[in-house]
Enquirer: 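Quick one: structure below, then a few questions.
Below, each value reflects all heavy atoms present in this structure, side chains not excepted, and no hydrogens, waters or symmetry copies.
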Amino acid sequence: MQEHQRHPATPISDAAFLIKRGKKRGSYNCGRCGLPKKGHNCPFGAESDDASTPAPASVAPETPPMRMRALSSDDVKFAAELVDDLEEDGEDREEIDEYPDLDLDGSGGLPASCLWEVLRRLPPVGMLSAARVCRGWRETTRRLWRAAEELRIRVPAKAQIGFVGSVLQKCPGLLKLSIAIESDVDATMVACIAFSCPNLQSLEISTSDSCINRISGDDLARFISDKKCLTSLKMEGCSNLGGFVFSSTSLSSLCLSDLHSLSKMVFNCPSLKELSLEFSHLESDTTDLTSVMDGLGRSCPKLQNIHIASALLSHNAILALSSANLRGLRMLSLVLGSGITDASVAAIASSFTKLELIDLSGSSISDSGLGMICNVFPETLSKLLLALCPNITSSGIQFAAAQLPCLELMDCGMTICDPDCEKSTDEEDDDTELQKTPNSKMHLTYQKLIIKHNRLKKLSLWGCSGLDALYLNCPNLYELNLNSCRNLHPERLLLQCTNLNSVYAMDCENMLIKTIETQVDSDYSPVENQYSSKRLPDGSKRVRLPYFCSPQPCDDGEKGKRPTKRHCAVIAYGESV
């Protein structure tokens, strides 16, 4: 016998409805009458033809003033709270159905690869915010955290150590970590990093000037010995170390700054290749650098780069270093050691014959010591830094440029200085200073510099107030620093550097700046060039552009190839030109 079919509009009991259809999740239509349930008051909710089963009371849902979007700046907080509290029961799902524009399971139509590329470019704070938008974003950010191998975060002053721990625990595979801390730091931070990053290979901790780094030498030594994978460590503000004994078989790069009065410094690091130690400038520093230099050769035989900045550097410390068995040394930077003399240079030249970089800025070496460097390293030396060396003259600089054919970088800032040049700020802006006659008394202290080099790329003459004439013929030079060259005469300046990209001329005379701009923008053409350049209608110029002249025959392969305009920036902030 055929069962009697109810009319489609006739309401049925909830139990019968669930038996026949089950509970439909995500439906936007009313289960009783089939009409859209958003803002809908079902007419069959209060009355029912079935007297045996009373119909539930109809409760009209509140209609929201507007549909909410997950990425709206006003509704992000609401959406985040809604997603975090979302459960799998029907009521929560029906609540979400009231806001169909919230994308809780997907990424707004974006392909997964695009969403990945967008979110991975966010800073850590942005990642934390993105995770509260929807489920799809939360899962993507979670995978990004897990896949992260390098992280750079800034810890504000009001943040707690728990913030750092919560972020680091999201990245179990982290290999490189850089933290900028804006508050005082102690051993708790190091312990948190050690616990959260078991496979860490590189760590950099920087602090602001107003913060105090209270990490002791024992705490740092314990961290280094426990991290078996750590290869690089850089830390600022190490004024409270007191002393340390570092033991590590994996550490290859170590950089510590703001060191002060260390009672002991022992490096048991056989794999160490790069060492940088910067000491504070306080006169009360009592660190014994001679004993430190003496132990480097025995405990760190693979050292290639050494950088030490301290006013305590002396000739005895250099002798101790030169006696160490460091045959693989390639970079030697001993800065601010006024006790370093020409005899120290002789000890360096006899012990390390393969140096590629020498930095003796702030030393007391003279042209004789510079000559020793030129005689020993003509085939290997590519970088020479001799800033703040008052005993070096322009003749020594010219000799070094001529005898070092592999030289690519030279820094001679504050070497050619005029001790009688004491100008106030008002006098620096006075153009009458440029009207000095060659027979004036001060002109006798000035020097001229002539450099012709085929491989030189960077030249720094900052603060050379005793320089009044400069001639450069360096085709590969692309950066020139003439800051504070106050007495350099415009008519005694000649720059024949076709690849020059930037010239720094801060604190220079206005006429000199104009001359520099004219020369770097001019169409300097060699004598052998048979074509002359012309100025374009817009006022710009080209360097050696033969196609502006009468057409010349050329091969088909070279047609359409035109030299590009040389752009050189003259940086002279604070000067009117």
Side-chain angles (χ1 to χ4, degrees), residues 122-129 148 150-171 174-197 200-227 230-246 248 251 253-265 267 274-287 289 292 307-312 335-336:
L122 293 177
V125 176
M127 290 272 289
L128 295 175
S129 300
E150 182 176 358
L151 180 64
R152 294 185 296 272
I153 60 176
R154 181 183 62 86
V155 183
K158 60 182 180 179
Q160 303 294 329
I161 189 65
F163 166 76
V164 180
S166 62
V167 173
L168 296 182
Q169 289 179 5
K170 297 175 182 291
C171 312
L174 199 63
L175 301 179
K176 297 181 180 180
L177 175 62
S178 177
I179 301 183
I181 304 176
E182 298 179 355
S183 60
D184 296 349
V185 57
D186 54 16
T188 309
M189 178 65 69
V190 178
C192 177
I193 296 173
F195 176 78
S196 304
C197 307
L200 193 64
Q201 297 179 2
S202 176
L203 174 62
E204 179 179 352
I205 299 179
S206 59
T207 58
S208 59
D209 296 336
S210 59
C211 299
I212 300 176
N213 187 344
R214 294 188 174 90
I215 299 176
S216 65
D218 294 337
D219 297 331
L220 190 58
R222 190 180 304 109
F223 174 81
I224 292 176
S225 61
D226 292 343
K227 306 302 293 183
L230 189 67
T231 60
S232 176
L233 174 63
K234 182 178 180 181
M235 182 178 294
E236 296 180 356
C238 304
S239 58
N240 294 312
L241 290 184
F244 55 80
V245 179
F246 292 160
S248 174
L251 192 64
S253 177
L254 178 63
C255 180
L256 304 176
S257 62
D258 300 321
L259 298 170
H260 177 70
S261 297
L262 296 178
S263 59
K264 58 182 178 180
M265 280 195 299
F267 302 93
E274 181 177 356
L275 177 63
S276 176
L277 303 176
E278 295 188 0
F279 290 80
S280 62
H281 298 165
L282 300 178
E283 297 181 356
S284 58
D285 193 359
T286 59
T287 306
L289 289 180
V292 175
H307 170 72
I308 299 178
S310 174
L312 298 178
V335 182
L336 303 179

Enquirer: Distance-only, no hydrogens or angles: does the Ser263 side chain make a donor-acceptor pair with backbone N or O of Gly242 under 3.5 Å?
Expert: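 At least one qualifying donor-acceptor pair exists.
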Enquirer: Short question: side chain of Asp186, backbone of Arg214 - any donor-acceptor pair under 3.5 Å?
Expert: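 Checking the backbone N and O of Arg214 against the side chain of Asp186, no donor-acceptor pair under 3.5 Å is found.
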Enquirer: Search all heavy atoms of Glu182 against all heavy atoms of Ser208 and return the closest pair with its distance.
Expert: CA-OG, 3.9 Å
Enquirer: Heavy atoms, side chains only, cut-off 4.5 Å: are Lys170 and Leu128 in contact?
Expert: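 In contact.
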Enquirer: Would a distance-only check, ignoring hydrogens and angles, find a side-chain to backbone donor-acceptor pair under 3.5 Å from Ser196 to Ile193?
Expert: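 Looks like no, no N/O pair under 3.5 Å.
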Enquirer: Compare all side-chain heavy atoms of Ile161 with those of Met189 and state whether any distance is below 4.5 angstrom.
Expert: yes
Enquirer: Would you give the length of the straight line joining atom CD1 of Ile205 to atom CG of Leu177, rounded to the nearest 0.5 angstrom?
Expert: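 Reported value, rounded in 0.5 Å steps: 7.5 Å.
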Enquirer: Check whether any side-chain heavy atom of Leu289 lies under 4.5 Å from a side-chain heavy atom of Leu277, and answer yes or no.
Expert: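 No; the side chains remain at least 4.5 Å from each other.
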Enquirer: With a 4.5 Å cut-off on side-chain heavy atoms, are Phe223 and Ile215 touching?
Expert: no
Enquirer: Does some side-chain heavy atom of Phe246 sit less than 4.5 Å from a side-chain heavy atom of Leu254?
Expert: yes
Enquirer: So do the side chains of Thr287 and Met265 get within less than 4.5 Å of each other, counting heavy atoms only?
Expert: yes
Enquirer: Please check this pair: side chain of Asn213 against backbone of Ser239, looking for a donor-acceptor N/O pair closer than 3.5 Å.
Expert: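 Answer holds: no.
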Enquirer: Rounded to the nearest 0.5 Å, what separates atom NE2 in His307 from atom OG in Ser257?
Expert: 9.5 Å
Enquirer: Closer than 3.5 angstrom, by distance alone: can the side chain of Asp285 be matched with the main-chain N or O of Ser261 as a donor-acceptor pair?
Expert: yes
Enquirer: Has Thr231 got a side-chain atom pairing as donor or acceptor with Gln201's backbone, closer than 3.5 angstrom?
Expert: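 Yes, the answer is positive, given that a donor and an acceptor are paired below the 3.5 Å cut-off.
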Enquirer: Under the side-chain contact (heavy atoms from CB on, under 4.5 Å) rule, what do Ile179 and Val185 come out as? Steps first, then yes or no, please.
Expert: CA-CA 11 Å; Ile179 301 183; Val185 57; over 6 Å; no
Enquirer: Going from OG on Ser202 to CG on Leu230, what distance comes out if it is rounded to the nearest 0.5 angstrom?
Expert: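 The OG atom of Ser202 sits 7.5 Å away from the CG atom of Leu230.
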Enquirer: Which heavy atom of Phe163 sits nearest to which heavy atom of Arg154, and what is that distance?
Expert: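 Scanning both residues, the minimum pair turns out to be CE2-O, 4.4 Å.
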Enquirer: Out of curiosity, Leu174 CG to Cys197 SG, how far, rounded to the nearest 0.5 Å?
Expert: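 One gets 4.5 Å once the value is rounded to the nearest 0.5 Å.
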Enquirer: So, do Leu233 and Leu220 sit near enough that their side-chain heavy atoms are less than 4.5 Å apart?
Expert: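 Answer yes - side chains close enough.
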Enquirer: Would you mind reporting whether Leu262 and Val292 have side-chain heavy atoms less than 4.5 Å apart?
Expert: no
Enquirer: If you look at every heavy atom in Leu256 and Cys238, which pair is closest and at what distance?
Expert: CD2-SG, 4.0 Å
Enquirer: Nearest 0.5 Å please: distance from the CG atom of Asp258 over to the OG1 atom of Thr207.
Expert: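 Rounded to the nearest 0.5 Å, the CG-OG1 separation comes out at 7.0 Å.
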Enquirer: Measure across Asp219 and Ala187 and return the closest heavy-atom pair with its distance rounded to 0.1 Å.
Expert: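 Where Asp219 meets Ala187 most closely, the heavy atoms are OD2-CB, 3.3 Å.
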Enquirer: Could you go step by step and tell me if Ile181 and Val164 meet the side-chain contact (heavy atoms from CB on, under 4.5 Å) rule?
Expert: CA-CA 10 Å; Ile181 304 176; Val164 180; over 6 Å; no
Enquirer: Give, for atom OG of Ser232 and atom NZ of Lys176, the distance between the pair rounded to the nearest 0.5 Å.
Expert: 8.5 Å
Enquirer: Could you point out which residue of Glu204, Glu274, Lys234 forms a side chain to side chain contact (heavy atoms under 4.5 Å, CB included) with Cys255?
Expert: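 For Cys255, the side chain to side chain contact (heavy atoms under 4.5 Å, CB included) test succeeds with only one of Glu204, Glu274, Lys234, which is Lys234.
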Enquirer: If every non-hydrogen atom of Cys211 is compared with every non-hydrogen atom of Asp184, which pair is closest and at what distance?
Expert: CA-OD1, 3.6 Å
Enquirer: Run the numbers on His260 and Ser284 for side-chain contact (heavy atoms from CB on, under 4.5 Å), then give the verdict.
Expert: CA-CA 8 Å; His260 177 70; Ser284 58; 3.4 Å; yes
